[in-house]
Structures are given as structure tokens and as C-alpha cells.
Amino acid sequence: MPDGEVTERRWTTDFRVTRKSIRDYCSAVGESNQIFTNPRSAIAAGYADVIAPPMFAAVYSLPALHLMLADPEFARVAPQMLHAGQTFVWNQNGAVVADDVITTTASVGSVTRRRDLTFFKFRTLSVRSDGLETSRGEWTTIVREA
Amino acid sequence: MGRQSSTITPQLADARAYARASGDRNPIHTDEDAARAAGLPTAILHGMWTMAKLAQAVGAASRCDTNDIERLSVAFRGYVLPDEILTIDVERSEGAGRDQEFSARQGERVVATGVARLFQP
């Protein structure tokens with residue numbers, strides 16, 4: 001892909017959120033807020049079930065990114081990519097509740113080259129099955145040409 | 001401005017648990033031999049695990065929780081090694097400021113910097 005030119009293609013995946021996937025994630029990162037792990041606490045807080053911590057966005061949006069990187073367009077350089085930066089922006093009204101299906105669409109934001117380095121900015125947009133946006137991500141990776 | 005510091009010593013078990021929970025199964029995070037083959041000193045923590053810890057540190061420094069973060073932006077500046085103390089410093093804005101800068105280091109080595117924005121109260 002030439003410098004500055006980005007594909008208009010999109011890669012979309014669905015991720016079903018479960019109580020277990022939230023619980024396993026919370027255990028792995030040490031999230032202790034009961035609204036993430038205890039249904040009664042979540043219901044008392046006004047949710048239908050336990051909700052996912054915001055950084056769970058890294059989990060439900062990852063399959064779309066992986067699908068994109070497995071595409072022949074990126075598959076050659078994907079193994080050399082270093083994850084150099086990450087931004088997430090969350091919708092305050094877009095809580096992710098257990099049993100939600102989150103649809104994530106990945107796209108290419110920009111590709112720039114500087115000397116022997118290529119900078120890729122990928123974007124993800126995630127929405128719930130009711131169409132409400134949950135989060136947006138910007139994933140910056142760097143590849144050093146051999 | 002005020003600074004709040006916290007520390008944690010990540011373990012290889014954390015990386016393995018994160019790999020299982022997240023689906024990010026790159027072996028450089030879970031297999032020491034694979035990591036060395038990739039030029040790393042040993043298996044390293046996932047950037048997203050570190051980012052989750054940064055979110056928690058921001059929440060604690062702001063006397064809120066991670067759900068109150070609207071935007072989190074991180075530059076990964078170095079790998080996070082297991083069994084080394086990870087120190088996270090959060091610079092708290094006074095008053096109504098919603099942006100909080102933070103950094104993370106292992107020893108003198110800065111491994112991440114960034115900024116968080118909290119939702120409007």
C-alpha cells in the first residue's frame with residue numbers, strides 16, 4: 001500500500017459478551033468493582049446484568065483487528081508490528097452488559113512512512129446489538145523494514 | 001497539581017491469564033523461549049494489560065473508577081517485564097480539570113505515558 005493511501009475496506013466481527021468472559025478478564029487485570037462481577041451489585045446499580053470494565057474494549061474489538069491483520073493486505077507485515085500506541089474513547093451511555101453482542105468494524109486510518117519505519121493507524125468502532133456505540137479505538141503499530 | 005503513585009509487580013502468570021481472557025495469544029507474552037527468539041529478554045506483559053492497570057490507577061487517583069474515564073490514550077515506550085516493580089504516577093489536575101497525565105516505569109525505564117479524560121460530572 002503506497003504511503004498515505006488507505007484502503008476503504010472494512011473488517012467486521014461479532015463478539016458475544018458473557019458473565020464468564022467479563023469475570024475472567026476482571027481476574028486477569030485485577031478489576032474488583034462488584035458491578036463487573038456480581039449480578040446483584042450490577043442490578044442495584046441499574047443494569048440488567050454485570051457490565052464489562054471499559055478496557056474490555058480491548059477484548060471485544062480485538063477479533064476485528066485480527067481479521068484485518070490476517071488479510072493478505074497486511075499478513076506479510078503483521079508479525080513484525082509493534083504496538084506503539086492505543087486510544088479508546090467510550091460512550092458514557094454505551095455500557096456493555098453480559099449477553100450483549102458487540103459488533104466491531106476495523107478500518108485503516110493512515111499509513112505513513114518515515115525512513116525505515118512504517119506507521120499504521122488502525123481504527124475500530126464497536127456497537128451493541130441495539131445500535132448504540134460502545135467505544136472507538138485507535139491502534140498505532142510500527143513496522144521496521146528489514 | 002498533585003501526583004499519586006502506585007506500584008505493582010507483574011508476574012508471568014498475569015500475562016498468561018490475560019492471554020486466556022483476552023484472546024491475545026501472541027507467544028511473546030506467555031512463552032519465554034518464544035520471547036527470546038523474538039529478541040526480547042523474556043516474556044513481556046501485554047500492552048493492553050498495562051493499559052488496564054493505568055486505567056485503574058487513574059480511577060484511584062481521581063477517587064472514581066474506570067467507568068468514569070471517557071478517553072484513554074497511551075504511548076507504549078518500552079516493554080513491561082515480569083518480576084520487576086511497575087510504578088505508575090498519575091498527575092492529578094486540581095479543580096474541575098478532567099485531563100490526567102500519567103506515566104509508568106520499571107526502575108528508570110519509562111514504559112508508558114499518556115493522558116486520560118474523565119466524563120463530565
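Convention: sequence-line order gives letters A, B, ...; per-chain numbering from 1. Every heavy atom of this structure was used, including side-chain atoms; hydrogens, water molecules and symmetry mates were not. Just so you know, these numbers come straight off a predicted model, no measurement behind them.
Heavy-atom neighbours of Arg109(B) CZ from other residues, nucleotides or ligands within 6.0 Å: above the threshold of 12. Enclosure of atom CZ in Arg128(A) by more than 12 non-hydrogen atoms of other residues, nucleotides or ligands within 6.0 angstrom is indicated. Residue-environment remark: CG (Leu132(A)) exceeds the threshold of 12 foreign heavy atoms within 6.0 Å.
By the rule that hydrophobic residues join a cluster once side-chain heavy atoms approach within less than 4.5 Å of another member, Tyr18(B) and Leu12(B) end up as members of separate clusters. A single hydrophobic cluster is not seen to contain both Val143(A) and Leu117(A); linkage of ILVMFWY side chains at heavy-atom distances under 4.5 Å, directly or through other members, places them apart. One hydrophobic cluster, built from ILVMFWY side chains closer than 4.5 Å, cannot hold both Val29(A) and Tyr79(B); they sit in different ones.
For the set Gly30(A), Ser27(A), Pro53(A), Ser21(A), the entry with the most heavy-atom pairs within less than 4.5 Å of chain B is Gly30(A). Counting heavy-atom pairs under 4.5 Å between each of Gln92(A), His66(A), Glu138(A) and chain B puts Gln92(A) at the top.
Of the atoms belonging to Ile35(A), it is side-chain heavy atoms, and not backbone ones, that fall under 4.5 Å from chain B. Of the atoms belonging to Asn67(B), heavy atoms from both backbone and side chain fall under 4.5 Å from chain A. For Ala75(B), the parts sitting under 4.5 Å from any heavy atom of chain A are the backbone and the side chain alike. In this structure, chain A has no heavy atom under 4.5 Å from any part of Asn26(B). Using a 4.5 Å cut-off between heavy atoms, Glu70(B) contacts chain A through both its backbone and its side chain. Phe36(A) touches chain B through its side chain: at least one heavy atom from C-beta onward sits under 4.5 Å away, while N, CA, C and O do not.
Thr66(B) and Glu31(A) are linked by a side-chain donor-acceptor pair at a separation below 3.5 angstrom, with hydrogens and angles left out of the test.
Between Trp90(A) and Phe119(B), the shortest heavy-atom contact is O-CZ, 3.5 Å. Of all heavy-atom pairs spanning Arg71(B) and Val89(A), the tightest one is CG-CG2, 3.7 Å. Smallest separation of non-hydrogen atoms from Ser73(B) and Thr87(A): OG-OG1, 2.7 Å. The minimum heavy-atom distance linking Trp49(B) with Ala28(A) is given by the pair NE1-O, 3.1 Å.
Taken from CG in Asp65(B) to OG in Ser32(A), the straight-line distance is 9.5 Å, to the nearest 0.5 Å. Going from atom CG of Leu82(A) over to atom CZ of Phe76(B) covers 12.0 Å, rounded to the nearest 0.5 Å. Here the CH2-CE distance, from Trp139(A) to Met48(B), works out to 3.5 Å after rounding to the nearest 0.5 Å. The line from CE of Met55(A) to CD of Gln56(B) is 10.0 Å long, rounded to the nearest 0.5 Å.
Checked by atom type and distance alone, the side chain of Gln86(A) never pairs as donor or acceptor with a backbone atom of Gly47(B) at under 3.5 Å.
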